[in-house]
Participant: 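Supplied in structure tokens, the structure appears directly below.
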There are 2 protein chains.
Amino acid sequence: MTIGEAATITGLPQKTIRYYEEIDLVRPDRGANGYRNFSRSDTHKLAFVARARSLGFSVGECRALLSLYEDDNRASADVRQLAGEHLMQIDVKIAELQAMRRTLADLVERCRGDHRPDCPILDELAAHKAAFHKEPVS
Amino acid sequence: MTIGEAATITGLPQKTIRYYEEIDLVRPDRGANGYRNFSRSDTHKLAFVARARSLGFSVGECRALLSLYEDDNRASADVRQLAGEHLMQIDVKIAELQAMRRTLADLVERCRGDHRPDCPILDELAAHKAAFHKEPVS
DNA sequence: TCTTGACCTTCCAGTTGCTGGAGGGACTAC
DNA sequence: GTAGTCCCTCCAGCAACTGGAAGGTCAAGA
């Protein structure tokens with residue numbers, strides 16, 4: 001099938017599919033006219049990668065998952081390990097974002113948001129107010 | 001002060017400071033020897049940006065915040081608006097990550113993680129198992 | 001047959017926010 | 001003079017695409 005059809009089926013942009021070929025995630029063969037020809041196995045891999053990406057796995061991790069997937073002698077422990085590490089990284093990111101969120105929400109709430117210039121958000125970012133007086137001699 | 005000192009004070013890598021100069025966030029002047037010379041105002045701006053970045057603001061948003069900060073006629077409403085939008089984006093990201101987290105945690109828990117190949121994580125990623133039989137005619 | 005339009009191709013550049021390294025000048029201390 | 005530590009610029013690269021230009025291919029219709 002053509003790249004257009006593969007894109008429709010997998011929900012991936014054609015550009016992304018070409019990119020995945022470039023980095024050797026898939027290797028569709030070519031017709032006489034130079035057009036890519038995607039097998040069902042190709043589109044299946046693409047869909048696999050698309051799902052893994054949507055779970056936040058990096059392309060490198062997707063590659064590893066794909067090769068585990070294609071390895072009949074894999075140990076599920078390896079897959080679990082990979083997913084477990086990814087899960088921990090997600091937890092870290094969530095924690096970071098929640099910390100930002102707390103600070104920001106507090107600042108936004110405390111800002112009057114009117115026509116006047118004084119603003120706790122900028123105060124917080126400036127932090128050491130006292131030390132800042134426009135352009136001290138340098 | 002030199003870039004090294006500015007880096008120590010702000011906690012930013014020198015490379016980052018040079019980059020911030022390149023994109024015009026700061027404009028330190030230069031000594032006769034070509035060395036950058038950071039004023040207190042420069043380092044203050046850098047620290048401001050560092051804090052804003054640590055709250056997840058993009059460099060573009062930092063630029064906007066900085067120009068609001070330097071505008072005595074600003075309306076705090078504008079600052080609040082900017083921060084509020086950023087807050088919403090953070091909420092979106094948190095929600096996305098939590099959705100991933102839920103799915104992943106469930107899969108990881110259901111995976112036995114032993115020497116055998118069968119694995120619910122790969123099953124989930126493959127999703128349409130039945131449709132995939134190695135290399136159908138294409 | 002010609003042409004139109006929808007495909008497909010490659011290649012190059014840009015995005016965000018840095019980071020690393022090469023190759024070289026400047027300054028300080030001994 | 002020389003060693004060591006600064007500083008400078010420029011180029012390249014990371015992730016994971018995305019956009020666009022310039023051009024080949026193919027099917028359908030006048």
Participant: Check the distance between dC6(D)'s P and Ile17(B)'s CD1 and give it to me in whole angstrom.
Facilitator: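 Answer to the nearest Å: 15 Å.
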Participant: What is the separation between atom CD on Glu21(B) and atom P on dC7(D), rounded to the nearest whole Å?
Facilitator: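 In whole Å, dC7(D) P and Glu21(B) CD are 14 Å from each other.
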Participant: Show me the donor-acceptor pairs within less than 3.5 Å that the side chains of residues 10-17 of chain B make with the rest of the protein, sequence neighbours left out.
Facilitator:
from, atom 1, to, atom 2, distance (Å)
Thr10(B), OG1, Ala6(B), O, 2.8
Thr10(B), OG1, Leu12(B), N, 3.1
Gln14(B), OE1, Arg18(B), NH2, 3.3

Participant: Do Asp42(B) and Ser39(B) have a side chain donor and acceptor closer than 3.5 Å?
Facilitator: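 Indeed, the side chains of Asp42(B) and Ser39(B) share at least one donor-acceptor pair under 3.5 Å.
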Participant: Quick one: pull up SG in Cys119(A) and CG in Leu68(B) and give me the separation to the nearest 0.5 Å.
Facilitator: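 That separation rounds to 8.5 Å.
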Participant: Is it the case that the side chains of Ser76(B) and Asp114(A) hold a donor-acceptor pair, with the cut-off being a distance below 3.5 Å and no angle test?
Facilitator: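 Yes, a side-chain donor-acceptor pair sits under 3.5 Å.
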Participant: Go along nucleotides 11-23 of chain D 5' to 3' and tag each nucleotide: B for a protein heavy atom under 4.0 Å from its base, S when only backbone or sugar atoms are that close, - otherwise.
Facilitator: -----BBSBB---
Participant: Quick one: pull up CG in Leu25(A) and NZ in Lys45(A) and give me the separation to the nearest 0.5 Å.
Facilitator: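 If we round to the nearest 0.5 Å, Leu25(A):CG and Lys45(A):NZ are 9.0 Å apart.
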Participant: Give a yes/no answer on whether the side chain of Asn33(A) brings an N or O atom under 4.0 Å of OP1 or OP2 in dC26(D).
Facilitator: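 Yes, Asn33(A) has a side-chain N/O under 4.0 Å of OP1/OP2 on dC26(D).
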Participant: May I ask you to say what Arg18(B) touches in the nucleic acid, namely base, sugar-phosphate or nothing, with a heavy-atom cut-off under 4.0 Å?
Facilitator: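 Base, at least one base atom sits under 4.0 Å.
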Participant: Check this for me, if you would: do Glu124(B) and Arg51(A) make a salt bridge, where the nitrogen-to-carboxylate-oxygen distance has to be below 4.0 angstrom?
Facilitator: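 No.
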Participant: For DNA chain C, note the earliest and the latest nucleotide, 5' to 3', having some atom under 4.0 Å of a heavy atom belonging to chain B.
Facilitator: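 It runs dG17(C) to dC27(C).
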Participant: Whole-Å distance between dC7(D) C1' and Phe38(B) CZ?
Facilitator: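 From Phe38(B) CZ to dC7(D) C1': 11 Å.
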Participant: Between Arg80(A) and Glu85(A), does any side-chain N to carboxylate O distance fall below 4.0 Å?
Facilitator: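 Looking at Arg80(A) and Glu85(A), the cut-off is not met.
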Participant: Going by heavy atoms in the side chains, are Ile9(B) and Met1(B) under 4.5 Å from each other?
Facilitator: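 In contact.
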Participant: Base, sugar-phosphate, or nothing: which does Ile3(B) touch, judged by heavy atoms less than 4.0 Å apart?
Facilitator: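 Since only primed, P, OP1 and OP2 atoms lie under 4.0 Å of Ile3(B), the category is sugar-phosphate.
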